[in-house]
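See below for the structure under consideration.
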Protein chains: 2
Amino acid sequence: MDAIDLSLVDLLRGNARLSYAELARQVGLSAPAVHERVGKLESSGVVRGYRADVEPEAIGLGVTALIGIVEDSGADSDDMLESLRVLPEIESCYFMAGVESFLLKARVGTIAELEQLIVRLNRTPGVASTRTAIALSTKWENRPQPVGPPAP
Amino acid sequence: MDAIDLSLVDLLRGNARLSYAELARQVGLSAPAVHERVGKLESSGVVRGYRADVEPEAIGLGVTALIGIVEDSGADSDDMLESLRVLPEIESCYFMAGVESFLLKARVGTIAELEQLIVRLNRTPGVASTRTAIALSTKWENRPQPVGPPAP
DNA sequence: CACTCTCCGTGGACGCCATCGACCTGAGCC
DNA sequence: GGCTCAGGTCGATGGCGTCCACGGAGAGTG
């Protein structure tokens with residue numbers, strides 16, 4: 001993981017469809033060298049994949065909500081995680097410090113679907129309570145921040 | 001935006017580096033047809049870009065936090081948004097229903113940097129108070145969910 | 001110091017891919 | 001019917017991805 005790898009990662013975070021030839025020009029190496037480096041970044045797990053960034057409304061997912069989950073005392077977090085993972089509406093899942101063990105970001109088409117999701121969550125074994133906050137609008141999301149060398 | 005466009009979007013959300021030839025095979029069209037459709041999806045804003053999905057720890061961003069912001073009464077939300085947009089650590093920004101007008105997802109390298117960020121936020125004009133929750137671990141994030149209209 | 005091992009990059013080759021232009025076809029409309 | 005337009009296929013061509021053999025720098029060792 002040297003400076004060249006960092007710029008490759010940075011370039012690909014900005015535009016994942018750049019050709020190897022273009023990446024090579026940007027970092028001053030040959031295309032095969034870049035190909036090999038990117039391959040290693042992928043197989044070492046630094047680069048987990050490449051995703052199109054899609055306007056959610058355009059694919060019928062206009063409602064975004066953040067849901068905090070309080071666990072039952074004595075519940076098994078791993079079991080609960082498996083129950084959560086099955087729900088496709090949950091786009092992100094963080095294990096948090098604080099009263100609410102999990103914080104979910106969910107995306108659904110309608111408020112009715114959100115209601116159904118919340119009901120399902122409250123029925124999930126191990127869930128003591130939920131707290132839902134609705135995002136009225138997304139100002140921006142998953143903005144890539146420029147990489148820097150590790151802070152001193 | 002027909003069924004073929006939806007599958008293209010779906011395929012690209014799963015792997016943004018698929019070639020047009022491969023996309024064409026998957027949806028049963030020719031490569032130029034797919035090329036034109038994807039171009040239209042991009043210029044109409046349905047597809048906003050393509051991003052490499054990178055392990056944050058690998059680029060020195062090991063600390064994730066969610067920060068709620070309560071606005072001063074009478075503050076101008078637009079002005080505040082501009083102040084927030086300048087801070088590169090803020091990866092996502094949602095305008096919320098509830099007491100906390102904004103919910104930020106921030107990513108920094110160390111707790112010390114998080115502290116600095118919070119201080120800066122509290123000094124920002126229009127910010128009455130902040131509430132920070134730290135993510136101990138990310139179970140998953142930005143998982144693409146299959147597109148809306150039930151397919152065959 | 002020379003020897004060699006390894007890592008990492010370069011250059012060349014070859015087939016596939018992106019992309020452009022020309023042409024085709026069906027739907028909607030005078 | 002005949003026009004027009006959107007959106008597709010086909011064919012050509014230059015560039016790209018990817019495989020392979022080769023070479024040079026640096027570390028460790030006699």
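Values in this document were obtained by computation on a predicted structure and should not be read as measured data. Residue numbers start from 1 in every chain, and the chains themselves are labelled A, B, ... in the order their sequence lines are given, proteins ahead of strands.
- Cation-pi geometry between B/Arg17 and A/Tyr20 is met: the NZ or CZ atom falls under 6.0 Å from the ring centre, inside 45° of the normal.
- Regarding B/Leu29, its CG atom lies at a distance of 17 Å from the P atom of C/dT19, rounded to whole Å.
- Under the 4.5 Å side-chain heavy-atom criterion for Ile, Leu, Val, Met, Phe, Trp and Tyr, B/Val99 and B/Phe95 are members of distinct hydrophobic clusters.
- Counting to the nearest Å, the P atom of C/dC17 and the CG atom of B/Leu18 are 12 Å from each other.
- Between B/Lys40 and D/dA6 there is no side-chain polar atom (N or O) within less than 4.0 angstrom of OP1 or OP2.
- Of the candidate nucleotides C/dG9, C/dG12, C/dT19, C/dT19 has the atom nearest to the side chain of B/Pro32.
- Look at CG on B/Leu23: it is 17 Å from C1' on D/dG8, rounded to the nearest Å.
- In this structure, the nucleotide among D/dG17, C/dC17, C/dT19 sitting nearest to the side chain of B/Ser19 is C/dC17.
- Distance CG (A/Asp2) to C1' (C/dC7): 13 Å, rounded to an integer number of Å.
- Between B/Ala106 and B/Ile67 the shortest heavy-atom distance is CB-CD1, 4.3 Å.
- B/Arg143 places no side-chain N or O within 3.5 Å of a backbone atom of A/Cys93 that could act as its donor or acceptor partner.
- Of the side-chain N and O atoms in B/His35, one or more sit less than 4.0 angstrom from OP1 or OP2 of C/dT19.
- Minimum atom distance to the side chain of A/Tyr20 is reached by D/dT18, of the listed C/dG9, C/dC20, D/dT18.
- Of all nucleotides listed (C/dA18, D/dG8, D/dC16), D/dC16 comes nearest to the side chain of A/Ala21.
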Intermediate values then yes/no, side chain to side chain donor-acceptor pair (under 3.5 Å), B/Asn142 and A/Asn142: CA-CA 9 Å; B/Asn142 301 130; A/Asn142 299 131; 3.0 Å; yes
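- Taking atom CG on A/Leu8 and atom C1' on C/dC8, their separation rounds to 14 Å, with Å as the unit.
- Rounded to a whole Å, the CD atom of B/Glu36 is 13 Å from the C1' atom of D/dC5.
- For the OP1/OP2 pair of C/dC17 and a distance below 4.0 Å, the side-chain nitrogens and oxygens of B/Arg25 include at least one atom meeting the criterion.
- Look at CG on A/Asp5: it is 13 Å from C1' on C/dG9, rounded to the nearest Å.
- One atom, CD1 of A/Ile4, and another, P of C/dC8, lie 12 Å apart when rounded to the nearest Å.
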